[in-house]
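To start, the structure itself, in structure tokens.
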Amino acid sequence: MTPSLFDLKGRLALVTGSSRGLGNALARGLAQQGARVILHGRDLAQVEAQARAMADETGASVEAVSFDVTDADAARAAVDALIARHGTPDILVNNAGLQRRAPFNEFAPADWDALVATNLSSLFYVSQSVTRAMGERGSGKVVNIGSVQSKLARETIAPYSATKGAVAMLTQGMAADLARFNIQVNCISPGYFKTEMNTALWQDPAFNQWVEKRTPAQRWGHFDELIGTLVYLCSDASSFVSGQNIFVDGGMTSVV
Ligand code: NDP
């Protein structure tokens, strides 16, 4: 039988920042398609508990790893150890991220540094060890998680928007360098989804109203709605697609 274009059975996937939120949902989506998944966060006990629960729920092989994505040496050592133990990932999802909000004139330099380290530099640190090994093998899929702020700014989050705009361009640059190794690099940019990161927003009735008015779909996204695009970008179906940024945002970035 010809394998399905979208088949992920047995593929090994590392999803950063998958201890909760969107990363956890993305990892579950891959596990449900038969991928072997490695969950990640900074608290090993928490990630291990999540891995056990996800394995029970999906029947997939789910492992746990912990390291701080802003620490280049720690990320490199952890990825090298993971490759030695499990093999080279077929799929890397760079999802770990952070939000800090303040008016531009009051934004603390330490918060700027934390955003750049977590949302941007980490992609470089984590990806490089993985894509070197993928290159040796001659295949791989990298999916970076951007945001509607990869394209649109909003008050109080200029630094976050700068990092997410850079993620879109890093995606294109990685695509340019890595295509020769049969590695496709793409970006998924979610609209508004209710997670711990934006608790302050979805608990605010005025912000809820704004999201519902501003989004053509008139609502927040459901985690499951990211999975189809992710599976496409992680599967053979997208073998000639690289450097793209797909907005999964209910139409938000298409309208003013
Ligand atoms: P959450 O705050 O719910 O989860 C963030 C994840 O990133 C956690 O697993 C956290 O792990 C991990 N993480 C954060 N910092 C580090 C670090 N230094 N080292 C290792 N892991 C770290 O966020 P979301 O699920 O909302 O966001 C996930 C991604 O999606 C982010 O890149 C975000 O920018 C993006 N996004 C989210 C949107 C939304 O509406 N929620 C919209 C558009 C984009 P730990 O357990 O260690 O804290």
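Every number for a ligand or one of its atoms is a count from 1 in the order of the listing.
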Open item on the list: Looking at W220 and V211, would you say the former's side chain and the latter's main chain have a donor-acceptor pair under 3.5 Å?
Closed with: no
- [ ] Verify whether one side chain among Q99 and N198 offers a donor that lies under 3.5 Å from an acceptor in the other.
- [x] no
Open item on the list: Heavy-atom contact check, 4.0 Å cutoff: does Q99 meet ligand 1?
Closed with: no
Open item on the list: I'd like to know if the side chain of R11 reaches the main chain of P89, judged simply by a donor and an acceptor atom lying under 3.5 Å from each other, with no hydrogens or angles considered.
Closed with: no
TODO: Give the residue, atom name and distance (to 0.1 Å) of the protein heavy atom nearest atom 5 (C) of ligand 1.
DONE: G97 O, 3.8 Å
Task: Part of N95 with heavy atoms under 4.0 Å of ligand 1, whether side chain, backbone, both or neither - done: both
TODO: Give a yes/no verdict on whether any heavy atom in D68 is under 4.0 Å from an atom of ligand 1.
DONE: yes
TODO: State the CG-CG distance between N186 and N144, to the nearest 0.5 angstrom.
DONE: 9.0 Å
Task: N/O donor-acceptor pair under 3.5 Å between T58 side chain and A60 backbone - done: yes
TODO: For atom 36 (N) of ligand 1, state which one of Y192, F193, Y160 supplies the nearest heavy atom.
DONE: Y160
- [ ] Report, in ascending order of atom number, the atoms of ligand 1 lying under 4.0 Å from any heavy atom of F67.
- [x] 19 (N), 20 (C)
Open item on the list: Checking D204 against W210: is there a side-chain donor and acceptor pair closer than 3.5 Å?
Closed with: no
Open item on the list: For atom 35 (C) of ligand 1, what is the closest protein heavy atom, and at what distance to 0.1 Å?
Closed with: I145 CG2, 3.8 Å
Open item on the list: Could you check whether R137 pairs with D90 (Lys NZ or Arg NE/NH1/NH2 to Asp/Glu carboxylate O, under 4.0 Å)?
Closed with: yes
- [ ] Could you list the atoms of ligand 1 found under 4.0 angstrom from a heavy atom of N198?
- [x] 39 (C), 40 (O), 41 (N)
- [ ] Report yes if the side chains of V167 and L123 come closer than 4.5 Å at any heavy-atom pair, otherwise no.
- [x] yes
Open item on the list: How about CZ on F207, more than 12 heavy atoms from neighbouring residues, nucleotides or ligands closer than 6.0 Å, or not?
Closed with: yes
Open item on the list: With respect to G23, determine whether any N or O atom, backbone or side chain, lies less than 3.5 Å from an N or O atom of ligand 1.
Closed with: no
TODO: Please state whether S66 comes within less than 4.0 angstrom of ligand 1, counting heavy atoms only.
DONE: no
- [ ] Just let me know how N24 lines up against ligand 1, side chain, backbone, both or neither, with a heavy-atom cut-off below 4.0 Å.
- [x] neither
Open item on the list: Regarding ligand 1, does G41 bring an N or O atom to under 3.5 Å of one of the ligand's N or O atoms?
Closed with: no
TODO: Considering heavy atoms of the protein only, find what lies nearest to atom 12 (C) of ligand 1 and give residue, atom and distance to 0.1 Å.
DONE: G17 CA, 3.6 Å
TODO: Identify the protein heavy atom lying closest to atom 4 (O) of ligand 1, giving its residue, its atom name and the separation to 0.1 Å.
DONE: R20 NE, 3.6 Å
Task: Where ligand 1 meets T70 - atom numbers and elements under 4.0 angstrom, heavy-atom basis - done: 18 (N)
TODO: Using a strict 4.0 Å cut-off to heavy atoms of G21, name the atoms of ligand 1 that fall inside it.
DONE: 3 (O), 25 (O)
Task: Euclidean distance, Q244 CD relative to Q184 CD, rounded to 0.5 Å - done: 12.0 Å
Task: Enumerated ligand 1 atoms positioned under 4.0 Å from heavy atoms of T118 - done: 15 (N)
TODO: Give, for atom OG of S147 and atom CG of N245, the distance between the pair rounded to the nearest 0.5 Å.
DONE: 9.5 Å
Task: Heavy atoms of other groups near E212 CD, more than 12 under 6.0 Å - done: yes
Open item on the list: Let me confirm one number: the CG-CD distance from D249 to E225, rounded to the nearest 0.5 Å.
Closed with: 11.0 Å
Open item on the list: Would you say that L92 contacts V143 through its side chain, given a criterion of any heavy-atom pair below 4.5 Å between the two side chains?
Closed with: no
- [ ] Could you see which bit of A117 sits under 4.0 Å from ligand 1, with heavy atoms only: side chain, backbone, both or neither?
- [x] neither
Task: Protein contact of atom 43 (C) of ligand 1 - nearest heavy atom, named by residue and atom, plus distance - done: P190 O, 3.4 Å
Open item on the list: Against ligand 1, does Q149 come closer than 4.0 Å with any heavy atom?
Closed with: no
- [ ] Could you see which bit of L22 sits under 4.0 Å from ligand 1, with heavy atoms only: side chain, backbone, both or neither?
- [x] both
Task: Pairwise distance OG1(T88) to CG(L82) - rounded to 0.5 angstrom - done: 9.5 Å
Open item on the list: Tell me whether G146 reaches ligand 1 (any heavy atom closer than 4.0 angstrom to a ligand atom).
Closed with: yes
Task: Ligand-side contact atoms (ligand 1) for residue partner S147, heavy atom cut-off under 4.0 Å - done: 43 (C), 44 (C)
Task: ligand 1 N/O within reach of S19 N/O, cut-off under 3.5 Å - done: yes
- [ ] Below 4.0 angstrom from a heavy atom of S18, which ligand 1 atoms are there? Numbered from 1 as shown, please.
- [x] 9 (O)
Open item on the list: Checking the side chain of R36 only, and the main-chain atoms of V62 only, is there a donor and an acceptor separated by less than 3.5 Å?
Closed with: no
Open item on the list: Which residue and atom name correspond to the protein heavy atom nearest atom 24 (P) of ligand 1, and how close is it?
Closed with: T195 OG1, 3.6 Å
Open item on the list: Can you report which non-hydrogen protein atom sits closest to atom 19 (N) of ligand 1, along with the distance?
Closed with: V69 N, 3.0 Å
Task: Taking atom 42 (C) of ligand 1 as the reference point, the nearest protein heavy atom with its distance - done: G191 O, 3.0 Å
Open item on the list: With rounding to the nearest 0.5 angstrom, report the SG to CZ distance, C234 to F6.
Closed with: 12.0 Å
TODO: Please work out which of K194, Q46, Q50, H40 has its closest non-hydrogen atom nearest to atom 21 (N) of ligand 1.
DONE: H40
